[in-house]
Structure formats: structure tokens, C-alpha cells
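The structure appears right after this line, and notes come after that.
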Amino acid sequence: MQSRVGALEESKDPGGSILKTSHVRALPLRLIQFLLMFVVLGLGVSILSMHTIRYFGVQHMAPTEPSDVRSCFAEPNTLESWIRPPSSLLHSMNDTELLWLASCVPQVKEYPFKRTPKIAFMFLTKGPLPMEPLWERFFKGHEGLYSIYVHSLPSYSPNFSSSSVFYKRQIPSKLAEWGEMNMCEAERRLLANALLDISNEWFVLLSESCIPLSNLSIVYHYLSKSRYSFMGSFDEIGPYGRGRYNEHMAPLVNLSNWRKGSQWFEINRILAHKIVQDTTYYPIFRDFCKPACYVDEHYFQTMLTIETPHLLANRTLTYVDWSRGGAHPATFGKDDITEEFFKKITTSGNCLYNNQPTTLCFLFARKFAPSALEPLLELASKVFGY
């Protein structure tokens, strides 16, 4: 009896296992068949839809709502979106791309919108701006009439406070060496970045040792009412003028139109475009004006004399003292800062302004050492008017 029960139990397990196994195998097969039918049906519907669209057009498709994502992030297609100054001066353009973009000039002279012309103050520096507090006082209260651009050594990281007018005004910069073509390239880089703001009408090149000799209202009036741009450009006979000319520059640049002048200029938008657009004179000066030919004293001065002599005042508005001799101008420290010193600079000169004689010949001056800052701040209100 026990043997029969054991036999039945033994026969029970194998039978159950067979049934269970066949049931498990049947399920995946049915599932696979169902999935295959679903895929085939989906492909058929897709093919039918494509043929319907091809032969009957997409206009018969049901309309869909516009994407909210596009409406939130798309740039508004308005005039303001085109003329708005860049929100950040940092960009990834190389010099070729930047100069190309900055050289675009509207062919219609009248602006179809309200435009307040601004002065672009362009600081070409090695690093810090020791005269920052003086400039802060100069700019205060004149928002909307100026913009600021700083080109320094690539290794320098500015630490201006968020309340400073110089905060986030540094442009992508490269190495600039005295007397080398990369100095002029830095100046073109400054001009190109400033030209991206369509409201910038006048462009002033400054160094970290420059100071303003008058308040911004006077500077703005002087530049805006002038019929000329201010860039020193003269024919100097001798080893430091004509003696730097290289005959390989001919016939594009001849000795008769070779010019020399101060690196520091104050020009209008027309001449700024001329400088950034240039591809003709640049290779000539790059290849044939090398130390002891200092290209920053000859390149722009000669090119603009050839191309637009009628737009130049042939003088700079930045005072520099070369009376002490040497390769560099005099540097003024705290002991030089007196009322008499600045009175001599601002009233003893004689020059032409719009072809009329004037004694107001300089709006800026250099070179001032960091030690001059405190006495300059003490005199600024009384002597400079800011």
C-alpha cells in the first residue's frame, strides 16, 4: 500500500512538472506573437500616414498649439533686439570674426529709433587701474552718455566691486607689447568690441596712467561738436620719423605720406570703422614696421592720412610730456600735483578747434603714478570740475 502511494506521489510530481513547463513556455510564445502583431500594425499605420501626407498635404493634419518652450526662450524678432548692446562683453569670437562683425555698417544714415550718442572710453592696460577712484568720480551722474571697455593682459583677473563702473567691462584680451603689432591689434580689438554697441559714436583710447582734465560734460560737448577726429599725424623729418620708413612699403605707402603721431586718440565712428575694416595696410605695417619702427606711432596715423585726411584734426587731446627726453614720456608723482601744474597744461596751449583758435587743447593727460591719486582726488573738484 505504501509502495502504491509512493508510486502515485512519484507519478504526480513528474506529471505536474510537465504541465507547468508547457504552460510557462506557451505564455512567452503568445506574448511574442501579440507584440509582433502590434509592431506590424504600427508600421502599417505609419506608412499609411506618410502616404496620406505626401499626396494630400500637411494642411489636412490637425492643427497643434505652438510650443511654450519656444515662446519663452526665443529671441524677440524686433528692432530693439538687433540694436541692444551685448548683455556681456565676454564672447567666444576670434579676432577675424569680431572684426568682421564690427565692420558691418548700416547704409541708411538716419536712425529709425531714438539714439543717444555715447563716448566709448577704452582702457588699454597691463593690469589694475590705479586711477579708478578718480574715474569713478568723473563718470558719476552721467549714465547713458558713456560706455567702458578694458583690455588687459590675459593673465590679469580684475577684482572691481559690483558697484564700480568698471565691473564686468573687461573684453576678451590678448598679449599687447610696446612697439609691436599686437599693440595695434589690441587697439583694434577694443574698437571692434565698442562698435558692437550702435550708440557709441566717439572712441577714446586711454591707458591706466591717464586722467581726465575736465568733467564729462565738457568732454562730451568738445567731442560731439567737433567736425574732426583727434589723432596726431605729422611728417617728422629725422631718424625718429622718416628714418623709420621702409621702402618695401611702396607703392601703397610712400615716404611722402608717411606719418607719425601719438598712440592715444579720440576718433568718431566713421574712422573707427575704417580701422577695424582695414585689410590693406595691416599686412604692410605688420611686415615692414618693426622696432625700431614703432607701429603704434605710424599705422593708424599714416593710413587715415592717406584715406581720410579731411576728417583729422592732426592732433591728440591727451597731454604727454616729452621734454625730459628718452624713449618714454615723463611720469608724474604726488609731488607734481599742484594747481599751477594743471593750469599750465589746460590754459597755456594754442591749437585749432573747428578751424578756430583755442587754448583748450587737452582733455586728458598721462602718465600719472599711483602715488598721485590722493592729491588728484583732493584737487579734482576745484581744478577739474568733478
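- From Phe203, atom CZ reaches atom OG of Ser229 across 10.0 Å, with rounding to the nearest 0.5 Å.
- Annotation: the span from Arg242 atom CZ to Ile237 atom CD1 amounts to 5.0 Å, rounded to 0.5 Å.
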Practice problem: Begin with the C-alpha distance, continue with both residues' side-chain angles, and end with the deciding distance and a verdict on side-chain contact (heavy atoms from CB on, under 4.5 Å) for Arg227 and Asn355. | Solution: CA-CA 9 Å; Arg227 298 198 295 266; Asn355 301 320; 3.2 Å; yes

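- Remark: the Asn200 side chain and the Ser147 side chain contain an N/O donor-acceptor pair separated by less than 3.5 Å.
- Trp202 and Leu196 are members of different hydrophobic clusters when ILVMFWY side chains are connected at heavy-atom separations under 4.5 Å.
- Taken together through direct or relayed side-chain contacts under 4.5 Å among Ile, Leu, Val, Met, Phe, Trp and Tyr, Leu124 and Leu98 form parts of separate hydrophobic clusters.
- Ring planes of Phe285 and Trp258: parallel class, angle under 30° (limits at 30 and 60°).
- Nearest heavy-atom pair, Asn193 versus Tyr149, reported as atom, atom and distance to 0.1 Å: O-CE2, 3.9 Å.
- Heavy-atom contacts from other residues, nucleotides or ligands closer than 6.0 Å to CD1 of Ile345 number more than 12.
- Inter-residue side-chain proximity for Val295 and Lys290 is flagged as unmet; no heavy-atom pair is nearer than 4.5 Å.
- The local environment of NE2 in His91 is crowded, with over 12 non-hydrogen atoms from other residues, nucleotides or ligands closer than 6.0 Å.
- The CZ atom of Arg188 lies 13.0 Å from the CG atom of Asn182; values are rounded to the nearest 0.5 Å.
- Residue Glu247 qualifies as open at atom CD: its count of foreign heavy atoms under 6.0 Å is 12 or below.
- Looking only at side-chain heavy atoms (C-beta outward), Cys351 and Thr358 come within less than 4.5 Å of each other.
- Looking at Asn246, its side chain does come within 3.5 Å of a backbone N or O of His248 through a donor-acceptor pair.
- By the rule that hydrophobic residues join a cluster once side-chain heavy atoms approach within less than 4.5 Å of another member, Phe362 and Ile119 end up as members of one cluster.
- Using a distance-only test at 3.5 Å, with no hydrogens or angles considered, a donor-acceptor pair links the side chain of Arg137 to the main chain of Leu377.
- Across Gln170 and Leu90, no two heavy atoms sit closer than the pair O-CD2, 3.7 Å.
- The hydrophobic cluster containing Leu271 also contains Leu195, counting ILVMFWY residues as joined when their side-chain heavy atoms lie under 4.5 angstrom apart, directly or transitively.
- Between Phe384 and Phe138, the gap from one ring centroid to the other reaches at least 6.0 Å.
- No side-chain heavy atom of Lys260 sits under 4.5 Å from any side-chain heavy atom of Gln301.
- The backbone N or O of Val253 sits less than 3.5 Å from a side-chain atom of Tyr245, completing a donor-acceptor pair.
- Of the residues listed (Ile148, Val150, Ile171), the one engaging Leu89 in a side-chain contact (heavy atoms from CB on, under 4.5 Å) is Ile171, and it is the only one.
- Counting heavy atoms of neighbouring residues, nucleotides and ligands inside a 6.0 Å radius, atom OH of Tyr111 exceeds 12 of them.
- Under the 3.5 Å distance criterion, with hydrogens and angles disregarded, no donor-acceptor pair is assigned to the side chains of Thr305 and Arg259.
- Between Phe139 and Phe121, the two ring planes are perpendicular [angle over 60°; tilted spans 30° to 60°].
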| said: Could you go through Ile275 and Leu304, starting from their C-alpha distance and side-chain angles, then the distance that decides it, and tell me whether this counts as side-chain contact (heavy atoms from CB on, under 4.5 Å)? | reply: CA-CA 8 Å; Ile275 290 174; Leu304 295 179; 4.3 Å; yes

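- Summarising the local packing, CH2 of Trp178 is surrounded by more than 12 heavy atoms from other residues, nucleotides or ligands at distances under 6.0 Å.
- In this structure, the separation between CG on Leu360 and CG on Asn350 is 11.5 Å, given to the nearest 0.5 Å.
- The closest side-chain heavy-atom distance from Glu374 to Lys334 is not below 4.5 Å.
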For this session: Show the numbers, then the answer: is there a side-chain contact (heavy atoms from CB on, under 4.5 Å) between Leu223 and Leu317?
Result: CA-CA 10 Å; Leu223 293 178; Leu317 297 179; 3.7 Å; yes

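- Among all heavy-atom pairs drawn from Ser164 and Glu136, the shortest one is OG-OE2, 2.5 Å.
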Would Phe160 and Arg169 count as a side-chain contact (heavy atoms from CB on, under 4.5 Å) here? Give the steps. CA-CA 10 Å; Phe160 301 114; Arg169 302 310 298 173; over 6 Å; no

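- Using modelled atom types, one finds no donor on one side chain facing an acceptor on the other under 3.5 Å when comparing Tyr222 with Glu266.
- To the nearest 0.5 Å, atoms CG (Leu216) and OH (Tyr386) are separated by 10.5 Å.
- Side-chain atoms of Arg315 come within 3.5 Å of backbone atoms of Cys361 as a donor-acceptor pair (strictly under, hydrogens ignored).
- Side chain to side chain, His142 and Asn215 fail the donor-acceptor criterion of an N or O pair below 3.5 Å.
- For the pair Met131/Leu373, a side-chain contact is recorded, criterion being any heavy-atom separation below 4.5 Å from C-beta on.
- The existence of a salt bridge linking Glu185 and Lys174 is excluded, since no basic side-chain nitrogen approaches an acidic carboxylate oxygen closer than 4.0 Å.
- Taking the six-membered ring for Trp and the full ring otherwise, the centers of Phe123 and Trp135 sit less than 6.0 Å from each other.
- When side chains are defined from C-beta on, Phe364 does not count as touching Trp264, because their heavy atoms never get closer than 4.5 Å.
- In this structure, the separation between CD on Gln263 and CD on Glu187 is 4.5 Å, given to the nearest 0.5 Å.
- Smallest separation of non-hydrogen atoms from Ile198 and Ile83: CG2-O, 3.8 Å.
- You'll find the side chain of Pro130 reaches within 4.5 Å of the side chain of Glu208, heavy atoms only.
- For Ser256 and Asn254, the side-chain atoms include no donor-acceptor pair closer than 3.5 Å.
- The cluster map of Ile, Leu, Val, Met, Phe, Trp and Tyr, joined by side-chain heavy atoms under 4.5 Å apart, puts Leu252 and Leu255 in the same cluster.
- Pro329 places a side-chain heavy atom less than 4.5 Å from the side chain of Arg366.
- Heavy-atom minimum distance, Phe332 versus Asp336: CA-OD2, 3.4 Å.
- Donor-acceptor pairing under 3.5 Å is lacking for the side chains of Tyr228 and Asn314.
- Residue Glu80 places its CD atom among 12 or fewer non-hydrogen atoms of other residues, nucleotides or ligands, all under 6.0 Å distant.
- Shortest non-hydrogen contact noted between Asp296 and Cys184 is CA-SG, 3.6 Å.
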